[in-house]
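Scroll down for the structure; my scribbles are underneath it.
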Amino acid sequence: MMLKNKTIVITGAAGGIGYSASKRFAKEGAFVVGLDVNEELCKKVEKELIDGGYKAKFIQCDISSKEAVNKAFDEIESLVKSLDGLYNNASVFLDGRDGKLGDIKSDIWHKILSINLNGMYYCTKRALPLLKTNGGAIVNTASSAGVTGIPECAAYTATKGATVTLTRSLAVDYGKYNIRTNCIAPAAILTDMVKASNLNNPAFNNDKFLEMVTPLRRWGTPEDIAAIACWLCSDDASYINGAIIRADGGITINGDVNR
Ligand SMILES: NC(=O)c1ccc[n+]([C@@H]2O[C@H](COP(=O)([O-])OP(=O)(O)OC[C@H]3O[C@@H](n4cnc5c(N)ncnc54)[C@H](O)[C@@H]3O)[C@@H](O)[C@H]2O)c1
């Protein structure tokens, strides 16, 4: 039980990697407070966890809305006096609408920044006073796009680069409160996001595709990422602060993708 008696907020908690994390964190003993924009999924996942005997509360919340985040955290504060963790996981990748900087429509640029970057700001700002009570962990979510150049998604890439650098800011500013801030930079994790972002990629359904790009020769799973987030939120990671963990099967260090 790596997270016994810990209360942890997860954003984007009802789908993809966040859903896996919700299940893993609950199994490890945490009270999981899930925020997700998808109301139907919130109800479904909350029920699944509670029916499984776990402690969970899911709140429908669009993290790009300051008012919605404040309302969600008001509700959280009515349930608990402190937090042990915040897993900033929610983001969007708007395939076909994001692109080269010169081609992105202004409303799309602002939409991506408002979810991926402002959303993290609103949630972290409200969580910090609750994390300060006993110390705790913040886990941010970047991407291979935050640590290397990925073509044709300039807005997403800008938010993920900012996530990496904001992680370092938080780590140095809040370490003295025993708040550890770390970041996971995933790539090629088989979720709806990856499927949606590869719709126009003819190589996607080709078995050779991953052989070409991934030293491990396989897709990552949401469970692979949930396990890292779980460890970062646990006391086993008590001296890890400001780390950027590339969880990508080695994609971003592969010098020759043809071999
Ligand atoms: N899947 C990958 O290969 C991959 C690669 C790099 C980075 N990431 C990052 O991992 C994280 C999770 O990605 P995923 O693949 O699970 O994505 P996903 O699209 O499968 O799931 C995202 C979840 O976030 C929720 N969400 C979306 N917008 C929201 C909003 N405005 N407010 C609250 N919730 C919202 C969705 O409803 C969904 O449940 C993201 O930060 C993503 O950028 C994923």
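In what follows, residues are counted from 1 in the order of the sequence shown.
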- [ ] Begin with the C-alpha distance, continue with both residues' side-chain angles, and end with the deciding distance and a verdict on side-chain contact (heavy atoms from CB on, under 4.5 Å) for Thr165 and Thr167.
- [x] CA-CA 5 Å; Thr165 49; Thr167 296; over 6 Å; no

Open item on the list: With side-chain contact (heavy atoms from CB on, under 4.5 Å) as the criterion, how do His110 and Ser106 come out once you've worked through the C-alpha distance, each side chain's angles and the decisive distance to 0.1 Å?
Closed with: CA-CA 6 Å; His110 289 293; Ser106 161; 3.5 Å; yes

- [ ] Tell me, with the steps shown, if Leu35 and Val9 meet side-chain contact (heavy atoms from CB on, under 4.5 Å).
- [x] CA-CA 7 Å; Leu35 307 185; Val9 173; 4.1 Å; yes

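Remark: the Ser91 side chain and the Lys160 side chain contain an N/O donor-acceptor pair separated by less than 3.5 Å. Between the side chains of Thr252 and Asp248, at least one donor N or O lies within less than 3.5 Å of an accepting N or O. With hydrogens and angles left out, the side-chain atoms of Asn241 and Thr181 include no donor and acceptor closer than 3.5 Å.
Residues Ile138 and Val164 do not share a hydrophobic cluster, defined by chaining ILVMFWY side chains whose heavy atoms lie under 4.5 Å apart. Under the 4.5 Å side-chain heavy-atom criterion for ILVMFWY residues, no single connected hydrophobic cluster contains both Val147 and Ile251. No chain of hydrophobic side-chain contacts below 4.5 Å, direct or via other Ile, Leu, Val, Met, Phe, Trp or Tyr residues, connects Ile112 to Val37. A continuous path of hydrophobic side-chain contacts links Leu83 to Ile59 [ILVMFWY only; heavy atoms under 4.5 Å]. Linking ILVMFWY side-chain heavy atoms closer than 4.5 Å, directly or via other members, places Leu113 and Leu101 in a single hydrophobic cluster.
Counting non-hydrogen atoms of other residues, nucleotides and ligands closer than 6.0 Å to NZ of Lys111 gives a total of 12 or fewer.
Residues Thr221 and Leu190 fail the side-chain proximity criterion, which asks for heavy atoms closer than 4.5 Å. Considering only heavy atoms from C-beta on, Lys57 stays 4.5 Å or farther from Thr7 through its side chain. Side-chain contact check for Asn70 versus Phe73: every heavy-atom pair is 4.5 Å or farther apart. Two residues are said to be in side-chain contact when any heavy atoms from C-beta on lie closer than 4.5 Å; Val69 and Cys61 meet this criterion. Leu130 is not listed as a side-chain neighbour of Leu86, based on a closest heavy-atom distance of 4.5 Å or more. The closest side-chain heavy-atom distance from Arg97 to Lys105 is not below 4.5 Å. Looking only at side-chain heavy atoms (C-beta outward), Asp84 and Phe31 stay at 4.5 Å or farther from each other. Contact check for Arg126 versus Asp74: side-chain heavy atoms found under the 4.5 Å cut-off.
A donor-acceptor pair is defined here as one N or O able to donate and one able to accept, closer than 3.5 Å; no such pair exists between the side chain of Ser82 and the backbone of Asn134. At distances below 3.5 Å, at least one donor-acceptor pair connects side-chain atoms of Asn116 with backbone N or O atoms of Val92. A donor-acceptor contact shorter than 3.5 Å links the side chain of Asp36 to the backbone of Ala14. Asn182 places no side-chain N or O within donor-acceptor distance of the main-chain N or O of Asn140, the cut-off being under 3.5 Å. Remark: the backbone N or O of Gly119 is not paired with any side-chain donor or acceptor of Ser64 at under 3.5 angstrom. Panel note: side chain Glu39, backbone Gln60; no donor-acceptor pair is recorded below 3.5 Å. One N or O on the side chain of Thr191 and one on the backbone of Met193 form a donor-acceptor pair closer than 3.5 Å. A donor-acceptor pair is defined here as one N or O able to donate and one able to accept, closer than 3.5 Å; such a pair exists between the side chain of Thr157 and the backbone of Cys153. Ser238 places a side-chain N or O within 3.5 Å of a backbone atom of Asp235 that can act as its donor or acceptor partner. Within the 3.5 Å criterion, the main-chain N or O of Asn89 finds a donor-acceptor partner in the side chain of Thr11.
Separation of atoms CD1 (Ile104) and CD (Glu152) is listed at 10.0 Å; rounding is to 0.5 Å. The OH atom of Tyr177 sits 4.0 Å away from atom NZ of Lys132, with the distance rounded to the nearest 0.5 Å. Here CD1 of Ile76 is found 12.0 Å from NZ of Lys71. Values are rounded to the nearest 0.5 Å.
In the hydrophobic clustering (ILVMFWY side chains linked at under 4.5 Å, chained through shared members), Ile228 is joined by Met2, Leu3, Ile8, Ile10, Ile17, Tyr19, Phe25, Val32, Val45, Leu49, Tyr54, Phe58, Tyr87, Val139, Ile184, Ile189, Ile225, Trp231, Leu232, Ile240, Ile245.
Closest approach of Asn88 to Cys123, counting heavy atoms only: OD1-CB, 3.9 Å. Across Ser20 and Pro222, no two heavy atoms sit closer than the pair OG-CB, 3.1 Å. Contact between Trp109 and Ala158 at its shortest, heavy atoms only, is CH2-CB, 4.0 Å.
Contact check on Asp173 versus Arg168 returns no salt bridge, with no Lys/Arg side-chain nitrogen under 4.0 Å from an Asp/Glu carboxylate oxygen. The pair Asp224-Arg218 meets the salt-bridge criterion, since a charged nitrogen lies less than 4.0 angstrom from a carboxylate oxygen.
Pairs passing the side-chain hydrogen bond (donor to acceptor under 3.5 Å, both in side chains) check and including a residue from residues 23-35, sequence neighbours excluded, read Arg24-Glu28. Under the ring-ring contact (aromatic ring centres under 6.0 Å, His included) criterion, the residue pairs touching residues 137-165 are Phe93-Tyr156, with sequence neighbours excluded.
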